[in-house]
Amino acid sequence: MSEAVASLRLALVGNPNCGKTALFNQLTGGHQKVANYAGVTIERKEGRFRGPSGRQFQLLDLPGAYSLEAASPDEVITRDVCLGHFPGESAPDVIVCVADATNLRLHLRFVLEVRRLGRPMVLALNMMDAARRRGIVIDVGKLEAALDIPVIETVAVRRGGAAELVARLDGDPPALARASDSGDLHADVRAMIADAVRMPRRTAEIDDAIDRVVLHPVLGLGLLALIMFLIFQAVFSWAAPLMDGIDAGIGALGGWVGSGLASMPLLQSLVVDGIFAGVGGVLVFLPQILILFLFILALEESGYLPRAAFLLDRLMFKAGLTGRSFIPLLSSFACAIPGIMATRSIQDPRDRLTTILIAPLMTCSARLPVYALLIAAFIPARTVAGVFNLQGIVLFTLYAAGIVSALAVAWVVKLVRRDKSEHALLMELPSYRLPHPRDIAIGLWERAMIFLRRVGGIILSLTVILWFLSTFPGAPAGATEPAINYSFAGQLGHGLHALFAPIGFNWQICIALVPGLAAREVAVSSLATVYALSGDGDGLQAIVASQWSMATAFSLLAWYVFAPMCLSTLATVRRETNSWRQVWIMAGYLFALAYLASLLTYQITRMLAP
Amino acid sequence: MRTILIRRGLYMRLSELAQGSDAVVQEVENVTEGDPIARRLRDYGFVRGEPVRLVGRGPIGADPLLVQIGFTRFALRRAEAARVIVEKSA
Ligand SMILES: Nc1nc2c(ncn2[C@@H]2O[C@H](COP(=O)(O)OP(=O)(O)OP(=O)(O)O)[C@@H](O)[C@H]2O)c(=O)[nH]1
Ligand SMILES: [Mg+2]
């Protein structure tokens, strides 16, 4: 029996934030991103599962849409899949419409619009747990009769919460939906709700209460600043003991392995100077990255992010952006690549392009190791004003520098375009939700795995390559300088040095910048390897603290605020904008800003602290 | 006709509604030909007869506006909300 014939193709369609992806994960056992704001899913994702009868299903998760008359690139994908216009794919066999049971006035209209397509269709009435908690009573029988399609209650976030839906899909395939609407979809929805839904209150009481504080003009802004500031404090103060532990562990292990290899000096150097110094140097930053993500994940699930966008919209608008840019930009703190992809939910193409252009100015987590290394080496761990950690304050300042430059760049783009036309905000504010510790734990676990895979993959490979380039060719007989000076990498570093001397970079930094193009953390592992090979036995942080001037360290920090060197980001920009021109503009302006900022930082610091 | 009614104070724009007050939507005006923002507002449920409430305002320049329509809250910029003509509830 051919499975391709037997498998039924399903597509999840519905308004944004109704729980399609949660349902997709529940059914397929997948781990696609679920979060509490509109526009999380921006791509078509595919998964499979088996029904109780053994039947195969192929399930598509789609971006949420308010209407089939698409207003943004992600909605276009949903429309095309529904209509069977998606390249290389016919329309799905069954459309599984998903609606949030607490938000039926909005969601049923889209259900009716989809019903007009006349495809086989069922409705998953999701978030029934939340609806019950709010005392919302839905007469499913009446709704089913009015819609003339099967209606099944689901709770996508509870185990087994979609069992009934699976059972229904596993039975006889649903009939073609009949478009029996009156022509006025809104009127039809109102009639259905009047008939089948009893709602004690139009909104959740708790949401209104929280919003009174969170969106308050003064309290709200204060709270936003406090949350942001807390995150950076936590990244430094909570992570320290964990980092020391990892550091000591790696050091001990490296020493032990190294002494076992004492008879083979070259291999010993590869393992100790290359792998342990390099990779270990990056690995210690795992706790800081996880703490950052702990906050990001909790905020994403809480429903706070669109509120932050609401508070900041005016400011962002003045800079030529939109509040909608907020979430893509916030994602860019993790990594610019998902951030740039998340701009697909921005309707206005100009706003989208500006957001893409400035996304790399948000300090991504790969830059955290560089910041953390230099801050720990040069900024004393003092407590300021009783509560604030000075290192945390400096970190906050660096992040803030990125944000301020991003706003400035966006503003310049607006001036250059001489754009006076209207840009849309039109953003839905979801209900608040308490994050599930289990989901956050899974999210952190996945993050840790991504990081460890990076460390074990690209970072390890680049470190090994760099070790080879820094070891060969060996020093000629009678050489007086450390052997690395004669190697390929040494020569390259000395060659680049001319370009970077005015901004205070030494040749070791110049070497590290090159593999840093592929992954920014590698700048740290490369420095560790280069110094280990130069015969410095101390840890990287101690070396940096004793051998670099403060001006050089600050200059490198300024460089990394702009850090134009990330090839995968540039490749993503190429894909998302379909234009090499944007790629060159981005790389060019980032390099110019990085060089300028470092030049100023270096020269000014030298004057102030010679 | 509409402008006359607005001048007489029967109808007003959603952007002019006082904070915390309720109104009923009359219509959404197209500002441009086939105005995509107006179309989206109608998809959101800003259609004749629908009750709305202006729940709050942004901290800077009282923009954007927080508007409740149906069971949903939306953030609308002033210029967007100005497309919605409402009749103030007593
Ligand atoms: N209480 C409750 N919350 C749910 C349920 N299903 C989903 N959620 C939450 O609703 C939010 C949105 O879920 P998603 O699965 O990301 O929604 P989506 O429809 O894929 O959203 P987009 O990709 O933006 O279109 C998340 O915060 C989920 O945790 C449910 O049945 N009950
Ligand atoms: Mg989704």
Side-chain angles (χ1 to χ4, degrees), chain A residues 15 65-69 71 100 102-107 109-110 113 136 184-187 189-190 193 197 199 201-204 207-208 211-212 215-221 224 306-307 309-315 317-318 322-324 347-348 421-431, chain B residues 13-15 19-84 89:
Chain A
N15 281 81
Y66 287 102
S67 161
L68 289 174
E69 289 195 47
D100 172 355
T102 65
N103 208 352
L104 288 178
R105 175 62 188 85
L106 180 67
H107 290 195
R109 195 207 68 83
F110 186 52
E113 194 180 331
I136 300 171
D184 182 349
L185 299 185
H186 285 289
V189 170
R190 267 188 225 153
I193 289 177
V197 182
M199 225 84 184
R201 244 174 143 266
R202 296 207 294 157
T203 51
D207 288 350
D208 294 347
D211 273 344
R212 269 194 290 278
L215 299 181
H216 187 276
V218 181
L219 294 180
L221 282 180
L224 178 64
R307 268 80 183 182
F310 175 88
L311 292 171
L312 295 176
D313 179 65
R314 191 69 206 163
L315 188 69
F317 175 72
K318 287 211 172 107
T322 146
R324 277 179 177 271
Q347 295 163 13
D348 192 292
S421 64
E422 188 176 0
H423 299 214
L425 175 65
L426 298 173
M427 183 179 61
E428 182 179 346
L429 301 187
S431 276
Chain B
R13 291 177 192 280
L14 178 56
S15 49
Q19 182 160 346
S21 53
D22 292 290
V24 176
V25 175
Q26 292 304 314
E27 68 163 333
V28 178
E29 267 181 358
N30 278 359
V31 168
T32 56
E33 183 72 22
D35 191 349
I37 295 178
R39 177 152 51 82
R40 199 28 65 112
L41 284 169
R42 290 183 203 109
D43 290 341
Y44 281 173
F46 290 88
V47 290
R48 192 178 177 82
E50 204 68 31
V52 284
R53 166 180 285 183
L54 192 92
V55 182
R57 299 196 175 119
I60 311 163
D63 199 10
L65 305 174
L66 177 59
V67 178
Q68 162 93 35
I69 183 109
F71 311 145
T72 324
R73 261 153 309 179
F74 289 100
L76 305 182
R77 288 200 179 133
R78 282 186 165 275
E80 292 157 9
R83 287 173 167 82
V84 183
S89 312

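All chains are named by letter (A, B, ...) in the order of the sequence lines, taking the proteins before the strands, and each is independently numbered beginning at 1. FYI, side chains are in, hydrogens and waters are out, and symmetry mates aren't considered; it's all heavy atoms of this structure.
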Item to check | Shortest non-hydrogen contact between A/Leu425 and B/Arg77, atoms and distance | outcome: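 In terms of heavy atoms, the two residues are closest at CB-CG, 3.7 Å.
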Given that the side chain runs from C-beta out, which part of [X] has a heavy atom under 4.5 Å from chain A: side chain, backbone, both or neither?
| X | value |
| --- | --- |
| B/Arg40 | side chain |
| B/Arg39 | side chain |
| B/Pro64 | both |
| B/Leu66 | both |

Using heavy-atom distances under 4.5 Å, tell me whether [X] contacts chain B through its side chain, its backbone, both, or neither.
| X | answer |
| --- | --- |
| A/Asp207 | both |
| A/Thr102 | backbone |
| A/Asp184 | neither |
| A/Glu69 | both |
| A/Arg190 | side chain |

Checklist entry - Between A/Ser67 and A/Glu113, do the side chains contain an N or O donor and an N or O acceptor separated by less than 3.5 Å? => result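 Yes, because at least one side-chain N or O of A/Ser67 sits under 3.5 Å from a partner of the opposite role on A/Glu113.
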Checklist entry - Between B/Ala81, B/Pro51, B/Gly61, which has the largest tally of heavy atom pairs under 4.5 Å with chain A? => result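 The residue among B/Ala81, B/Pro51, B/Gly61 with the greatest pair count is B/Pro51.
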Next on the checklist: Among B/Ala62, B/Pro59, B/Gly49, which residue has the highest count of heavy-atom pairs closer than 4.5 Å to chain A?
Outcome noted: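 Maximum pair count with chain A is reached by B/Pro59.
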Item to check | Aromatic ring pairing B/Tyr44/B/Phe74, orientation class (parallel under 30°, perpendicular over 60°, tilted between) | outcome: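 B/Tyr44 and B/Phe74: parallel rings.
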Checklist entry - Would B/Arg42 and B/Asp35 satisfy salt bridge (charged side-chain N to carboxylate O under 4.0 Å, His left out), going step by step from the backbone distance to the final call? => result CA-CA 11 Å; B/Arg42 290 183 203 109; B/Asp35 191 349; over 6 Å; no
Item to check | Pairwise distance CZ(A/Phe310) to CG(B/Leu76) - rounded to 0.5 angstrom | outcome: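 Output value for this atom pair is 9.5 Å.
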Next on the checklist: Within this structure, what is the CD-CZ distance for the pair B/Gln26 and B/Arg48, rounded to the nearest 0.5 Å?
Outcome noted: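 Answer rounded to 0.5 Å: 4.5 Å.
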Item to check | Most contacts with chain B, counted as non-hydrogen pairs under 4.5 angstrom, among A/Ala424, A/Ala187, A/Ala309 | outcome: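 Most heavy-atom pairs within the cutoff with chain B belong to A/Ala424.
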Checklist entry - Under a 4.5 Å heavy-atom cutoff, which of A/Leu429, A/Leu426, A/Asp313, A/Ile193 has the most pairs with chain B? => result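 Most heavy-atom pairs under 4.5 Å with chain B: A/Leu426.
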Checklist entry - Does the distance from a Lys or Arg side-chain N to an Asp or Glu carboxylate O, for A/Lys318 and B/Asp63, drop under 4.0 Å? => result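 Not counted as a salt bridge, because no side-chain N and carboxylate O are separated by less than 4.0 Å.
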Next on the checklist: Go through it in stages, so that I can follow the logic: the residues are A/Arg109 and B/Asp43, the test is salt bridge (charged side-chain N to carboxylate O under 4.0 Å, His left out), and I'd like the CA-CA distance, side-chain angles, deciding distance and then a yes or no.
Outcome noted: CA-CA 8 Å; A/Arg109 195 207 68 83; B/Asp43 290 341; 3.7 Å; yes
Item to check | Residues, nucleotides or ligands: over 12 heavy atoms within 6.0 Å of B/Arg53 CZ | outcome: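 Check fails, neighbour count at 12 or below.
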